[in-house]
Amino acid sequence: MVGKSSYARTHHDYPASDVMTACGHRFVAVTGGVVLAVAKKDTWTAKKNDGATRGGLSVSILGDDGVRYYGSHLSAVADGIEPGVRVRTGQDLGTTGETGDASACHLHFGISPPCAKQGDWWNQRGTLYPWPYLDSWRKDGQKSPVAAVKAWQEKNGCPKKATVDG
């Protein structure tokens with residue numbers, strides 16, 4: 001994320017971080033990798049309240065480290081960002097917004113194992129709290145979620161459906 005922002009060390013009912021920031025800030029790749037999934041149309045409605053569409057506009061990548069990184073509630077996805085496209089660290093993936101089930105501009109940021117790579121929104125939205133890594137990266141540190149993601153997957157496998165519907 002490029003621009004002034006803050007985030008909490010909690011999230012409602014599953015591990016993720018909501019990075020609070022103004023609309024229009026750049027959301028960038030935290031590592032090099034390949035784009036797994038992109039949602040360029042906001043189809044969420046309160047009437048249906050479907051977990052699969054709550055993120056609105058979103059991008060997930062499979063990092064070269066084997067970890068999936070996900071950002072949602074974007075106002076736009078960057079040009080050229082499509083499944084299968086290779087991205088580099090710091091490359092624009094989109095801009096922050098308030099699409100989907102968002103009540104304020106922010107970036108929902110999730111870290112998870114790649115599991116199904118696409119379609120498993122319940123895993124994609126986050127299985128580990130990102131804040132320890134965000135703290136490190138803000139200070140130009142190199143803390144990696146690889147071991148924690150591997151341990152989570154060894155313990156939990158790849159859930160085939162949502163365990164919470166938040």
**Item:** Polar side chain donor-acceptor pair, Asp135 to Tyr7, under 3.5 angstrom
**Value:** yes
**Message:** Nearest 0.5 Å, please: how far is CD in Gln153 from CG in Leu128?
**Reply:** 10.5 Å
**Asked** Do Val87 and Leu93 touch side chain to side chain, with heavy atoms closer than 4.5 Å?
**Response** yes
**Request:** Examine distances only and state if a side-chain atom of Arg54 and a backbone atom of Trp44 form a donor-acceptor pair shorter than 3.5 Å.
**Result:** no
**Request:** Would you name the heavy atoms of Cys23 and Glu98 that are closest together and state the gap between them?
**Result:** SG-OE2, 4.2 Å
**Asked** Would a distance-only check, ignoring hydrogens and angles, find a side-chain to backbone donor-acceptor pair under 3.5 Å from Thr127 to Ile111?
**Response** yes
**Asked** Any side-chain heavy-atom pair from Val30 and Tyr133 closer than 4.5 angstrom?
**Response** no
**Request:** Could you check whether the rings of His108 and Tyr14 sit parallel, tilted or perpendicular, using 30° and 60° as the cut-offs?
**Result:** tilted
**Prompt:** Should Val34 and Val77 be regarded as members of a common hydrophobic cluster, given that ILVMFWY residues are connected when their side-chain heavy atoms come within less than 4.5 Å of each other, either directly or indirectly?
**Reply:** no
**Asked** Should Val85 and Ile61 be regarded as members of a common hydrophobic cluster, given that ILVMFWY residues are connected when their side-chain heavy atoms come within less than 4.5 Å of each other, either directly or indirectly?
**Response** yes
**Asked** Is Asp65 paired with Lys150 through a side-chain N to carboxylate O contact shorter than 4.0 Å?
**Response** no
**Asked** Got a donor-acceptor contact below 3.5 angstrom from the Thr89 side chain to the Gly32 backbone?
**Response** yes
**Request:** Would you check if Ser58 and Tyr70 make a side-chain contact, meaning some heavy-atom pair closer than 4.5 Å?
**Result:** yes
**Asked** Do the non-hydrogen side-chain atoms of His11 and Asp18 ever get within less than 4.5 Å of each other?
**Response** yes
**Shortest non-hydrogen contact between Trp121 and Ala162, atoms and distance** = CH2-CB, 3.8 Å
**Item:** Least distance between heavy atoms, Arg138 atom then Ser5 atom
**Value:** NH2-O, 2.6 Å
**Item:** Exam field: side chain Thr99 to backbone Gly56, donor-acceptor pair closer than 3.5 Å
**Value:** no
**Asked** Any side-chain heavy atom of Lys160 within less than 4.5 Å of one from Asp120?
**Response** no
**Message:** Quick check: closest heavy atoms across Ala8 and Ser17, and the distance to 0.1 Å?
**Reply:** O-OG, 4.0 Å
**Prompt:** Side chains of Tyr69 and Pro145: closer than 4.5 Å at any heavy-atom pair?
**Reply:** yes
**Prompt:** For Pro113, does its backbone N or O pair with a side-chain atom of Asn123 as donor and acceptor, under 3.5 Å?
**Reply:** no
**Asked** Would you say Leu62 and Val28 are hydrophobically clustered, going by side-chain heavy atoms of ILVMFWY under 4.5 Å?
**Response** no
**Item:** Nearest non-hydrogen partners of Gly100 and Asp42, listed with the distance
**Value:** N-OD2, 3.0 Å
**Item:** Sub-4.5 Å side-chain heavy-atom contact between Pro83 and Val38
**Value:** yes
**Message:** I'd like to know if the side chain of Thr95 reaches the main chain of His25, judged simply by a donor and an acceptor atom lying under 3.5 Å from each other, with no hydrogens or angles considered.
**Reply:** no
**Prompt:** Is any side-chain heavy atom of Asp64 less than 4.5 Å from a side-chain heavy atom of Arg86?
**Reply:** yes
**Request:** Would you confirm whether Ser60, through its side chain, and Leu36, through its main-chain N or O, come within 3.5 Å as a donor-acceptor pair?
**Result:** no
